[in-house]
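What follows is one structure encoded as structure tokens, with my remarks underneath.
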Amino acid sequence: MKNNKRGLFIVLEGLDKCGKSTQTELLCEALEAKKMQFPDRSTSMGSIISDYLKGKRDINDQVIHLLFSANRWEAQNTIIETLNKGINIVCDRYAYSGVAFSSAKGLPIQWCKQCDSGLPKPDLVIYLRAPIKQLKDRGDFGAERYEKQEFQQQVQEVFDKMAQEEQFNIINALQTKEEIFIQIMDLINDYIQNALINTIEQLWS
Ligand code: NYM
Ligand code: MG
């Protein structure tokens, strides 16, 4: 979808294995959108993050949080330029994952938010929500750092809190992928019809 107005910035969030990546693909096709994802493992910073997630190296909690954030800042211009060209973006995880995962480890929420303050703010955040008890049996859950039931439970509590504060759109992630897709498309169409899509706002500032 390309038009004279700026593109929409849509972010999908949720626990590991909630179906974000599948929906990101489907939405990109439907909206002719640019696909983005964080962490973006293709950059040099992203490859350090990937090694950390795979357990190939240890990095202290503050440093890895800042790397995840820097990995978003290095995409800032791409995001802004893409939207201003009238191209939609669908993004698999964003700063909310940064806050949820790092604060679940015990870092203060305000500290976690601060380094992402000023990034382009999404128009819509879709939160695919399901109990970890059900998600943990999907795919290769457990393959990467953070993919542990008790930890994801804590991550979910932070996501739930943010969902209220930041007006996430919550979708039941235990439905079929077709049902989820239809509900997300309804939300997007509703947004396009009712919201004023003006200049790109800044997150948490
Ligand atoms: N993650 C992701 C963070 O801890 N902080 C962040 O800022 C972001 C974007 O990385 N368990 C975590 C969440 C996931 C892991 O993401 C890898 P994915 O979408 O599974 O590749
Ligand atoms: Mg994952």
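What's counted below: heavy atoms across the whole structure, side chains too, no hydrogens, waters or symmetry copies.
In this model, no donor atom of one side chain and acceptor atom of the other lie less than 3.5 Å apart for Trp204 and Gln110. Asn71 and Glu74 share a side-chain donor-acceptor pair at under 3.5 Å. Checking Asp160 against Tyr127 by side-chain atom types alone, a donor-acceptor pair falls below 3.5 Å. A side-chain N or O of Glu179 and one of Thr176 form a donor-acceptor pair less than 3.5 Å apart. Side-chain contact check for Ser50 and Lys54: at least one donor-acceptor pair (N or O, by modelled atom type) lies under 3.5 Å. Between the side chains of Ser97 and Glu13, a donor-acceptor pair is found at a separation under 3.5 Å.
A heavy-atom distance below 4.5 Å is not found between the side chains of Asp123 and Val11. At a threshold of 4.5 Å between non-hydrogen side-chain atoms, the residues Met36 and Val90 do not count as touching. Using a 4.5 Å heavy-atom cutoff, the side chains of His65 and Phe101 are not in contact. Leu27 places a side-chain heavy atom less than 4.5 Å from the side chain of Ile184. Residues Gln149 and Lys136 meet the side-chain proximity criterion, which asks for heavy atoms closer than 4.5 Å. At a threshold of 4.5 Å between non-hydrogen side-chain atoms, the residues Arg138 and Leu135 count as touching. Between Ile48 and Ile59 the shortest side-chain heavy-atom distance falls below 4.5 Å. Between Gln154 and Lys105 there is no side-chain heavy-atom pair separated by less than 4.5 Å.
Between Phe68 and Trp73, the distance separating the two ring centers is not shorter than 6.0 angstrom. Taking the six-membered ring for Trp and the full ring otherwise, the centers of Phe9 and Tyr94 sit less than 6.0 Å from each other.
Atom CD of Glu165 sits in a crowded spot, with more than 12 heavy atoms from other residues, nucleotides or ligands closer than 6.0 Å. Within 6.0 Å of CD in Gln164 there are 12 or fewer heavy atoms belonging to other residues, nucleotides or ligands.
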Residues Lys17, Asp137; criterion salt bridge (charged side-chain N to carboxylate O under 4.0 Å, His left out); working and verdict: CA-CA 9 Å; Lys17 311 296 165 213; Asp137 298 325; over 6 Å; no
Stepwise side chain to side chain contact (heavy atoms under 4.5 Å, CB included) test for Tyr191 and Ile197: CA-CA 9 Å; Tyr191 187 84; Ile197 302 163; 4.1 Å; yes
Could you walk me through whether Gln152 and Phe141 pass the side chain to side chain contact (heavy atoms under 4.5 Å, CB included) test, one step at a time? CA-CA 11 Å; Gln152 298 263 333; Phe141 181 83; 4.0 Å; yes
Would you please test Ile200 and Arg6 for side chain to side chain contact (heavy atoms under 4.5 Å, CB included) and show each step? CA-CA 9 Å; Ile200 306 161; Arg6 75 162 173 85; 3.6 Å; yes
Run the side chain to side chain contact (heavy atoms under 4.5 Å, CB included) check on Gln23 and Ile180 step by step: do they pass? CA-CA 8 Å; Gln23 293 299 324; Ile180 295 172; 3.5 Å; yes
Can you check salt bridge (charged side-chain N to carboxylate O under 4.0 Å, His left out) on Asp16 and Arg93, steps first, answer last? CA-CA 10 Å; Asp16 285 284; Arg93 295 192 188 279; 3.1 Å; yes
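Taking CD from Gln202 and OG from Ser205, the interatomic distance works out to 4.0 Å, rounded to the nearest 0.5 Å. Taking CD1 from Ile80 and OG1 from Thr199, the interatomic distance works out to 11.0 Å, rounded to the nearest 0.5 Å. The structure places NZ of Lys113 at 13.5 Å from CG of Leu119, a figure rounded to the nearest 0.5 Å. Between the CD1 atom of Ile89 and the OG1 atom of Thr24 there is a distance of 12.5 Å, given to the nearest 0.5 Å. The distance from atom CD of Gln76 to atom CD of Glu81, rounded to the nearest 0.5 Å, is 10.0 Å. Ser47 OG to Asp40 CG: the interatomic distance, rounded to the nearest 0.5 Å, is 10.5 Å.
Grouping the Ile, Leu, Val, Met, Phe, Trp and Tyr side chains by contacts below 4.5 angstrom, directly or via other members, places Phe38 with Leu15. Hydrophobic clustering (ILVMFWY, side-chain heavy atoms < 4.5 Å, transitive): Phe168 and Ile171 are in distinct clusters. Put simply, Leu31 and Leu83 are part of two different groups of oily side chains (I, L, V, M, F, W, Y) that touch within less than 4.5 Å, one to the next. Residues Leu66 and Ile49 are members of separate hydrophobic clusters, defined by side-chain heavy-atom contacts under 4.5 angstrom among Ile, Leu, Val, Met, Phe, Trp and Tyr. A continuous path of Ile, Leu, Val, Met, Phe, Trp and Tyr side chains, each step under 4.5 Å between heavy atoms, connects Ile192 with Ile126, placing both in one hydrophobic cluster.
In terms of modelled atom types and a separation under 3.5 Å, the side chain of Gln193 and the main chain of Asp190 share no donor-acceptor contact. No side-chain donor-acceptor contact under 3.5 Å links Ser102 to the backbone of Val99. Under a 3.5 Å cut-off, the side chain of Asn189 and the backbone N or O of Met185 do form a donor-acceptor pair. In this structure, Asn169 contributes its side chain and Val125 its backbone to a donor-acceptor pair below 3.5 Å. Under the 3.5 Å distance criterion, the side-chain polar atoms of Asn60 are matched with a main-chain donor or acceptor of Val63. Proximity of a side-chain donor or acceptor of Arg145 to a complementary backbone N or O of Tyr52 within less than 3.5 Å is detected. Here the side chain of Asn88 pairs a donor or acceptor atom with the backbone of Leu8 at under 3.5 angstrom. A donor-acceptor contact shorter than 3.5 Å is absent between the side chain of Lys161 and the backbone of Gln156.
Seen from the ring of Phe159, Arg129 does not count as a face-on cation partner, given the 6.0 Å and 45° thresholds.
What you find for Val155 and Ala100 is that their closest heavy atoms are CG1-CB, 3.8 Å. When every heavy atom of Cys112 is checked against every heavy atom of Leu107, the shortest pair comes out as SG-CB, 3.7 Å.
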